[in-house]
Structures are given as C-alpha cells and as structure tokens.
Participant: 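Here's a structure for you.
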Amino acid sequence: MVTMDALHDEGAESFREFVANRSSALLKTAVLLSGGDRHAGEDLLQNALIKVAGKWNRVEDPEAYVRQVLYRQQVGRWRLKWPRREVSYGEVPDGAAAEGGTSSAELRVVVREALGRLTPRQRAVLVLRYFEDLPEADVARLLGISVGTVRSTTHRSLAKLRGLVPELSGLGPADAEQPPSRDYAPVEVRP
C-alpha cells in the first residue's frame with residue numbers, strides 16, 4: 001500500500017482521489033506494458049504510485065507524470081542484465097477457430113499471449129504508439145531512445161506480432177501500404 005507519510009493532508013486526499021479515479025485506466029496500460037500479465041502490471045503500477053506519492057505536491061500533471069514513471073520503470077526492466085524469461089511451447093498452438101474464423105475474445109487472448117512473447121522494449125513501443133496513440137517523437141522522449149529506434153522497433157515488433165498471430169495480417173494495411181508517419185511533414189524537393 002502507498003504510504004501517505006510524505007504527503008500533507010490536502011495532498012493525501014487529492015492523491016487518494018487520483019488513484020480512485022484513474023487507477024483502472026493506468027492498470028490497463030501497466031498490464032499491456034507487462035505483456036498481459038495482470039499481476040506484473042499491478043506491481044508495475046503500485047511501484048509507480050509509490051514513487052509518485054513522495055513527490056505528489058510538486059507534480060503539475062499527475063496522469064502524465066504517473067504514465068512517464070510507468071514507461072521508465074518498464075524501460076528499466078528491459079535494460080537490466082537479467083536473463084529474460086521466455087515461454088517455450090512443445091507445439092505451435094492452433095491460432096484459428098475451426099470454421100468461423102477467430103472470435104474477438106479468442107483474438108484478444110491470442111494477441112495478449114503474443115504480446116507476452118515480445119521483449120519489454122517492443123511492448124513498450126507498441127503500447128505507446130498504438131494504445132496511447134503517441135507520436136514517434138514523444139515515444140522516443142519517454143523511453144530515452146532515438147526516433148529511428150522507435151521506428152525500427154515498431155516495424156520489427158509488428159512483423160513479429162503478425163508472424164505470431166497471422167489473424168492480424170488482415171486487420172491493417174500491409175507494411176508497404178501504410179501511410180507516412182504523422183510525426184513529420186513531407187519536404188518539397190527543389191531541383
């Protein structure tokens with residue numbers, strides 16, 4: 001539980017209100033960042049809230065600050081030298097339903113499992129780009145990496161997801177058909 005010793009009475013009350021009002025949305029992001037593992041997501045969010053509680057009275061934009069702490073904690077996890085835990089399967093699981101294709105519930109489960117097989121860095125980039133809908137420059141700033149790294153990680157992560165979940169290939173445009181990024185405007189070339 002987050003301790004309130006560092007907060008004054010008014011700060012403690014506003015912190016409690018923030019946690020009560022925004023914790024479910026923040027938990028969704030934390031679970032996605034953790035590869036679909038709810039318990040790891042809860043731990044990630046709890047640690048972020050503990051860090052924010054001590055600085056609560058100085059925080060101008062609480063939601064943005066908590067999200068930044070979440071992302072940076074996740075980045076810290078994949079920068080650690082610990083060996084990554086991977087799940088091995090004896091056989092490739094069947095991805096599609098027998099006749100009617102894959103239901104949306106089955107697809108969510110398959111996508112969640114596929115997200116769990118990505119590296120923490122790949123998950124963080126995809127969550128920020130597509131769940132949080134942030135431009136590449138903001139993702140790069142939040143994760144402390146270059147815009148080029150965001151682009152290449154996004155490309156490789158989506159390719160890996162499409163390989164793990166073939167049902168995703170039909171949901172969006174192919175790589176060659178994707179519109180240009182909204183992060184930059186085309187430059188006119190003069191002869």
Participant: With heavy-atom distances below 4.5 Å as the criterion, would you say the side chains of P62 and W56 are in contact?
Facilitator: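 A side-chain contact exists here, since the closest heavy-atom pair is under 4.5 Å.
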Participant: Which residue is it: R123, R162, Q122? I am looking for the one with a side chain to side chain contact (heavy atoms under 4.5 Å, CB included) to S157.
Facilitator: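 When side chain to side chain contact (heavy atoms under 4.5 Å, CB included) is applied between S157 and each of R123, R162, Q122, only Q122 qualifies.
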Participant: What distance do R22 atom CZ and T29 atom OG1 have between them, rounded to the nearest 0.5 Å?
Facilitator: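 Answer for the CZ-OG1 pair, R22 versus T29, is 9.0 Å.
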Participant: Between S152 (side chain only) and T149 (backbone N and O only), is there a donor and an acceptor less than 3.5 Å apart?
Facilitator: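 Side chain of S152 to backbone of T149: a pair is present.
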Participant: So, do R121 and I145 sit near enough that their side-chain heavy atoms are less than 4.5 Å apart?
Facilitator: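 Yes, at least one pair of side-chain atoms sits under 4.5 Å.
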Participant: Atom NZ of K160 and atom CG of L158: how far apart are they, to the nearest 0.5 Å?
Facilitator: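 Output value for this atom pair is 12.5 Å.
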Participant: Mind checking side-chain contact (heavy atoms from CB on, under 4.5 Å) for L142 and listing every partner two or more places apart, or none if nothing turns up?
Facilitator: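 For L142 the side-chain contact (heavy atoms from CB on, under 4.5 Å) partners, ignoring immediate neighbours, are Q68, Y71, L128, L134.
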Participant: When rounded to the nearest 0.5 angstrom, what distance separates CD in E136 from CZ in R151?
Facilitator: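 The CZ atom of R151 is 4.5 Å from CD of E136, to the nearest 0.5 Å.
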Participant: How would you list, by chain and number, every residue that makes a side-chain contact (heavy atoms from CB on, under 4.5 Å) with L161, sequence neighbours excluded?
Facilitator: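 side-chain contact (heavy atoms from CB on, under 4.5 Å) list for L161, sorted by chain: A114, L115, L118, L126, L168.
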Participant: Looking at every non-hydrogen atom in both residues, tell me the closest pair between V150 and V125 and how far apart they are.
Facilitator: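 Shortest heavy-atom contact: O-CG1, 3.9 Å.
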Participant: Any heavy-atom pair between the side chains of E113 and V165 that's under 4.5 Å?
Facilitator: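 With C-beta onward as the side chain, the pair stays apart.
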Participant: When rounded to the nearest 0.5 angstrom, what distance separates CZ in R129 from CG in D138?
Facilitator: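 Output value for this atom pair is 9.5 Å.
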Participant: Shortest non-hydrogen contact from A137 to V147?
Facilitator: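 Heavy atoms of A137 and V147 come nearest at CA-CG2, 4.0 Å.
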Participant: Donor-acceptor check, side chain of Q74 to backbone of L33, threshold 3.5 angstrom: yes or no?
Facilitator: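 Yes; judged by distance alone, with no hydrogens or angles, the pair exists.
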Participant: Which heavy atom of V66 sits nearest to which heavy atom of A48, and what is that distance?
Facilitator: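 Heavy-atom minimum between the residues: O-CB, 4.5 Å.
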Participant: Rounded to the nearest 0.5 Å, how far apart are CG of D43 and CD of Q73?
Facilitator: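 The CG atom of D43 sits 10.0 Å away from the CD atom of Q73.
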Participant: Yes or no on side-chain contact (heavy atoms from CB on, under 4.5 Å) for F18 and V59, after CA distance, side-chain angles and deciding distance?
Facilitator: CA-CA 12 Å; F18 173 79; V59 174; over 6 Å; no
Participant: Which residues pass the salt bridge (charged side-chain N to carboxylate O under 4.0 Å, His left out) test with R67, not counting sequence neighbours?
Facilitator: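 If we apply the salt bridge (charged side-chain N to carboxylate O under 4.0 Å, His left out) test to R67, skipping adjacent residues, the hits are E63, E132.
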